[in-house]
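As structure tokens, the structure follows; a few thoughts come after it.
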Amino acid sequence: MTMSSLQGHVALVTGAGGGIGSAIALALAARGAQLAVNYRRSRAGAERLCARIEAAGGTAAPFAADVTDPAQTASMVCAVEQRFGRIDVLVNNAGDLVERRKLVELDAALFRQILDVNVISAFLCTQAVAKRMAPRGRGAIVMMSSLAAHNGGGPGAFAYAAAKAAVIAMTKGLAKELAPSGVRVNCVSPGLIGGTDFHARFTPADAFAAAEKTVPLSRAGTPEEVASVVAFLASSEAAYLTGETIEINGGLFMR
């Protein structure tokens with residue numbers, strides 16, 4: 001892949017204020033894309049990211065929206081199109097475990113919140129963007145799942161695992177539906193990835209170190225390694241690829 005493989009494209013990355021989302025935005029910008037950086041709370045992080053992209057000669061702008069809210073999502077997509085003219089690439093990166101809870105401790109409200117942030121957000125953004133992509137006859141959408149979708153997640157994370165499994169199924173269904181319009185839908189499924197707020201919040205250091213020892217490549221992955229796969233899926237290099245989920249886990253889960 002050349003570093004200009006997304007030259008002239010406009011990409012919207014949700015939940016891009018930090019971690020993997022920021023790495024994805026940087027990778028797409030390095031390949032020539034103009035970036036719409038979505039955030040909900042991390043305004044400072046989104047603004048720092050945009051400044052970094054522009055300092056490197058790219059173009060980026062922050063867009064605040066809670067992508068679990070239909071009205072805010074629709075408004076954000078309209079704002080991005082007003083700023084950049086269109087959206088060629090959508091990366092549904094927004095997601096969260098929210099809170100670890102065992103079955104007997106989990107109430108319906110928290111379960112719905114976990115589904116909202118991981119599944120409904122992807123649905124709303126895809127719906128808003130795809131209906132604009134389809135008439136143009138092209139576009140790339142990348143979903144974000146997790147190793148938890150395959151192994152059920154760690155302690156107290158079964159609801160998150162269920163949500164991420166739903167994302168994989170949604171990827172396949174949407175790929176079939178949107179393929180006649182020239183819009184590709186794929187998914188990435190990261191395993192143990194270091195350098196993120198996710199594990200800082202939810203995984204004790206000793207548990208993370210123990211998990212690293214189970215990875216065949218003997219280390220955790222990096223946000224940049226996830227981002228490079230997303231950039232590939234967004235580019236014309238993946239023009240004949242749709243409905244697929246690419247596992248990024250150092251061999252921890254092989255299909």
Side-chain heavy atoms of Arg43 within contact of Pro62, under 4.5 Å
no
Which atom of Ala61 lies closest to which atom of Cys50, heavy atoms considered
C-SG, 3.5 Å
Could you pull out all residues at least two apart from Asp88 that satisfy side chain to side chain contact (heavy atoms under 4.5 Å, CB included)?
His9, Val10, Arg86, Arg136, Arg138
Which pair of non-hydrogen atoms, one from Asn38 and one from Gly15, has the smallest distance, and what is that distance?
OD1-N, 3.0 Å
Hey, could you give me the CG/CG distance between Asn118 and Leu97, rounded to the nearest 0.5 Å?
8.0 Å
Would you say the side-chain atoms of Ser121 pair up with the backbone N or O of Val117, donor to acceptor, closer than 3.5 Å?
yes
Within-4.5 Å side-chain heavy-atom neighbours: Thr126 and Met143:
yes
Val215, Ile193: one ILVMFWY side-chain cluster at the under-4.5 Å cut-off?
no
Between Arg100 and Thr203, is any pair of side-chain heavy atoms under 4.5 Å apart?
yes
Heavy-atom closest pair, residues Val37 and Ala46
CG1-CB, 3.9 Å
With rounding to the nearest 0.5 Å, note down the distance linking OG1 in Thr245 to CZ in Arg255.
5.5 Å
Just so I know, are the side chains of Leu192 and Leu147 near enough to count as touching, which here means a heavy-atom distance under 4.5 Å?
no
With sequence neighbours left out, the residues meeting salt bridge (charged side-chain N to carboxylate O under 4.0 Å, His left out) with Glu54 are none
Donor-acceptor contact below 3.5 Å, side chain Gln72 vs main chain Asp66
yes
Can you get from Phe253 to Leu217 by hopping between Ile, Leu, Val, Met, Phe, Trp and Tyr side chains that sit under 4.5 Å apart?
yes
Quick one: sort the Phe198 and Tyr160 rings into parallel, tilted or perpendicular, breaks at 30° and 60°.
tilted
Would a distance-only check, ignoring hydrogens and angles, find a side-chain to backbone donor-acceptor pair under 3.5 Å from Glu237 to Phe232?
no
Under 4.5 Å between side-chain heavy atoms, counting indirect links through other Ile/Leu/Val/Met/Phe/Trp/Tyr residues: same cluster for Val77 and Ile141 or not?
yes
My understanding is that only residues two or more places apart in sequence, or in another chain, count here; which of them pass salt bridge (charged side-chain N to carboxylate O under 4.0 Å, His left out) with Arg83?
none
With Val183, which of Thr242, Val129, Leu178 fulfils side-chain contact (heavy atoms from CB on, under 4.5 Å)?
Leu178
Could you go through Glu225 and Arg219, starting from their C-alpha distance and side-chain angles, then the distance that decides it, and tell me whether this counts as salt bridge (charged side-chain N to carboxylate O under 4.0 Å, His left out)?
CA-CA 12 Å; Glu225 287 170 325; Arg219 65 174 178 85; 2.7 Å; yes
How long is the straight-line distance from CD1 of Ile248 back to OG of Ser146, given to the nearest 0.5 Å?
11.0 Å
Same cluster or not: Val167 versus Val188, using hydrophobic residues (I, L, V, M, F, W, Y) connected whenever any side-chain heavy atoms lie under 4.5 Å apart?
no
4.5 Å side-chain heavy-atom contact, Val91 and Leu28:
yes
Pairwise side-chain contact, Arg132 with Ile87, heavy-atom cut-off 4.5 Å (strictly under):
no
Answer yes or no: is there a side-chain heavy-atom contact under 4.5 Å between Val67 and Leu124?
no
Is there a path from Val230 to Leu35 through hydrophobic residues (I, L, V, M, F, W, Y) whose side chains come within less than 4.5 Å of each other?
yes
Looking only at heavy atoms, what is the nearest atom pair of Cys187 and Leu233, with distance?
O-CD1, 4.1 Å
Counting distance only, does the side-chain N/O of Lys164 pair as donor-acceptor with the main-chain N or O of Gly152 below 3.5 Å?
no
Could you give the distance from CG (Leu49) to OH (Tyr39), rounded to the nearest 0.5 Å?
12.5 Å
Quick check for you: to the nearest 0.5 Å, what is the distance between Thr14 atom OG1 and Phe63 atom CZ?
13.5 Å
Taking only residues at least two apart or on different chains, which pairs with a member in residues 170-193 satisfy side chain to side chain donor-acceptor pair (under 3.5 Å)?
Ser189-Glu247
With sequence neighbours left out, what residues match Glu224 under side chain to side chain contact (heavy atoms under 4.5 Å, CB included)?
Ala23, Thr222
In Å and rounded to the nearest 0.5 Å, what is the CG to CZ distance from Asp116 to Phe123?
11.5 Å
Return the minimal non-hydrogen interatomic distance between Phe158 and Leu106, and the atom names on each side.
CZ-CD2, 3.4 Å
Closest approach of Gly251 to Pro216 (non-hydrogen atoms, all atoms of both residues)
O-CG, 3.2 Å
How would you list, by chain and number, every residue that makes a ring-ring contact (aromatic ring centres under 6.0 Å, His included) with Phe84, sequence neighbours excluded?
none
